[in-house]
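Quick notes on the structure that follows.
The first residue in the sequence is number 1, and the count goes up from there.
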Amino acid sequence: NLNITNLTKVYIMQTKIEKMYSKKQLLSLVRQDLETLDNWIEILIKAEMIFEEYLNGSYYDSKNKRIANLRDNRPKDLIEILLTSCVAYGNNTLVAMCAICANILEKDDNRDEYLTIAELLAIFKDLGIYRLERDTSCDSYMLVPMVMLEDDVIDAINTFHYLPPMVCRPNFIRKNTDSPWLTVPSHSMAGHRLGRHDGNISLDIINIQNQKGYMLDKWFISNFEDDHEANIAHAIEYDSDRARFVEAQRNHLKQLDAIYELLTDVFYIPTQVDTRGRVYTSGYHINPQSYEYKKAMLNLSEYCQITIN
């Protein structure tokens, strides 16, 4: 009975973690904050007018076909979701934002998705929600939010970008579309959904990997510090990028502290394979496939001591 009670507790805890860290929850927090803006309704009305003008324009053949498809299959709350995503995931390159927002459209061609999202981000740039800045250091455009969110929402954005490892055993995977998470949809194949299929993949390997328990090496973490300066130096090529990466490292440390508090016992890291069958462990902050320090901070939960005799 005690084991059942403890098992129930970890499953309840895992469900709470998934809800807390989900993108849906994050976007909901940001949208609630945006709805407190005095001119939010006016912004949405203006955005709708701009969008209708965009839909009714006359362009070259392939673009006309894309827009006709968008007009006939417009996702619900498209404008609100797009603007909210720009605030939640901004301070990013335009290319990265297109990738983040592309799934909103769910088209059959990811090139069409990216083109359409890029065009929408361009026509909505004067609404006062975000601005597009040319970053000469990386020869790209940056999408920079212009809305000041509440501190607790900013903390949530900085903390809840990535799901942490699971505190209970992942679900058993029986088909490609099964998710190891309790409440979050997922796929056994990594990468863009258009590259996924229902053909045979190594589900047995995925299940074996998913059942592998890990524990944090608290002694190692307490006695050795990650070389964040080296990480920054490795990540940047131009001095103008330094402030952005320093801020990212600061947020990364905050996120790690929150995750360390969750992972007090055995945890599990879900696995996927790509189209070539290569195995990838999921996660950003805690991942055995990351760089040296990240690997050293992990121990297997089940192990045996190897002796000479």
Side-chain angles (χ1 to χ4, degrees), residues 21-35 37 40 43-55 57 59 62-63 65-135 138 140-147 149 153-154 156-163 184-187 190-196 244 248 251 284:
Y21 277 77
S22 73
K23 289 183 178 181
K24 184 176 180 181
Q25 174 78 356
L26 175 58
L27 291 179
S28 177
L29 286 173
V30 175
R31 181 183 291 194
Q32 290 172 23
D33 207 344
L34 290 176
E35 287 173 351
L37 295 175
W40 179 239
I43 289 172
L44 292 180
I45 293 173
K46 185 177 180 181
E48 186 65 40
M49 293 172 61
I50 294 172
F51 185 62
E52 285 299 321
E53 184 178 348
Y54 168 78
L55 290 179
Y59 312 96
S62 60
K63 183 171 179 176
K65 184 177 179 181
R66 274 195 294 112
I67 291 179
N69 193 8
L70 177 60
R71 187 186 302 111
D72 295 338
N73 302 281
R74 176 178 174 178
K76 184 181 178 182
D77 298 331
L78 169 64
I79 294 174
E80 276 193 85
I81 295 173
L82 190 63
L83 296 180
T84 303
S85 298
C86 288
V87 176
Y89 302 109
N91 290 312
N92 232 322
T93 64
L94 181 58
V95 172
M97 285 306 304
C98 288
I100 290 169
C101 298
N103 286 337
I104 300 172
L105 297 180
E106 297 184 349
K107 300 299 180 188
D108 293 331
D109 187 337
N110 60 325
R111 180 176 178 274
D112 283 355
E113 290 178 343
Y114 282 41
L115 284 172
T116 303
I117 289 295
E119 290 168 356
L120 293 178
L121 293 177
I123 65 174
F124 291 148
K125 66 180 175 59
D126 295 325
L127 292 172
I129 297 296
Y130 59 86
R131 64 180 182 273
L132 297 176
E133 294 181 354
R134 184 63 181 264
D135 188 343
C138 57
S140 180
Y141 279 95
M142 297 293 298
L143 189 146
V144 182
M146 298 170 62
V147 178
L149 298 171
V153 179
I154 294 175
I157 292 173
N158 290 334
T159 302
F160 302 146
H161 265 309
Y162 303 94
L163 277 167
V184 178
S186 184
H187 198 283
H192 195 277
R193 68 176 186 280
L194 297 178
R196 297 168 182 168
R244 180 151 51 93
N251 290 332
Y284 175 69

Would a 4.5 Å heavy-atom cut-off, applied to side chains only, mark E133 and L143 as touching?
no
Could you list the residues that satisfy side chain to side chain donor-acceptor pair (under 3.5 Å) with Y54, not counting sequence neighbours?
E119
Under the side-chain contact (heavy atoms from CB on, under 4.5 Å) test against I50, which residue among E48, E53, K46 passes?
K46
Nearest 0.5 angstrom please: T84 OG1 to E35 CD, how far?
8.0 Å
Might you work through the side chain to side chain contact (heavy atoms under 4.5 Å, CB included) test for R74 and I79, ending with a clear yes or no?
CA-CA 10 Å; R74 176 178 174 178; I79 294 174; 3.7 Å; yes
Check: T93 and Y141 side chains under 4.5 Å, non-hydrogen atoms
no
Please walk me through it: do R31 and D77 pass side chain to side chain contact (heavy atoms under 4.5 Å, CB included)?
CA-CA 12 Å; R31 181 183 291 194; D77 298 331; 4.1 Å; yes
Hey, could you give me the SG/CD distance between C98 and E113, rounded to the nearest 0.5 Å?
10.5 Å
Taking side chain to side chain donor-acceptor pair (under 3.5 Å) as the definition, give me every residue that meets it alongside R71, ordered by chain and number, with sequence neighbours left out.
none
Do I45 and W40 have side-chain heavy atoms sitting under 4.5 Å apart?
no
With a 6.0 Å cut-off (strictly less than), is the heavy-atom count around NZ of K125, excluding the residue itself, greater than 12?
no
Quick one: are F51 and L82 in side-chain contact, heavy atoms under 4.5 Å?
no
I want to check something: taking the side chain as every heavy atom from C-beta on, are I129 and P145 in contact at a cut-off of under 4.5 Å?
no
Please check: side-chain N/O of N73 versus main-chain N/O of N69, any donor-acceptor pairing under 3.5 Å?
yes
State, with a plain yes or no, whether a side-chain heavy atom of L120 is found less than 4.5 Å away from one of T116.
yes
How long is the span from the CZ atom in R66 to the CG atom in L115, to the nearest 0.5 Å?
5.0 Å
What's the separation between atom CG in L44 and atom CG in L34, rounded to the nearest 0.5 Å?
9.0 Å
If you compare all heavy atoms of L94 against all heavy atoms of S140, which two are closest, and at what distance to 0.1 Å?
N-OG, 4.5 Å
Nearest heavy atoms of V153 and D33, plus distance in Å:
CG2-OD2, 3.5 Å
For the residue pair V144 and N92, establish whether any side-chain heavy-atom pair is separated by less than 4.5 Å.
no
Find the distance between CD (Q32) and CG (L149) and round it off to the nearest 0.5 Å.
12.0 Å
Kindly indicate whether the side chain of M142, heavy atoms from C-beta on, has any atom under 4.5 Å from the side chain of Y130.
no
Measuring from atom CE of M146 to atom CG of L127, what distance do you get when rounded to the nearest 0.5 angstrom?
10.0 Å
Heavy-atom pair of closest approach, residues V30 and A88:
CG2-CB, 3.8 Å
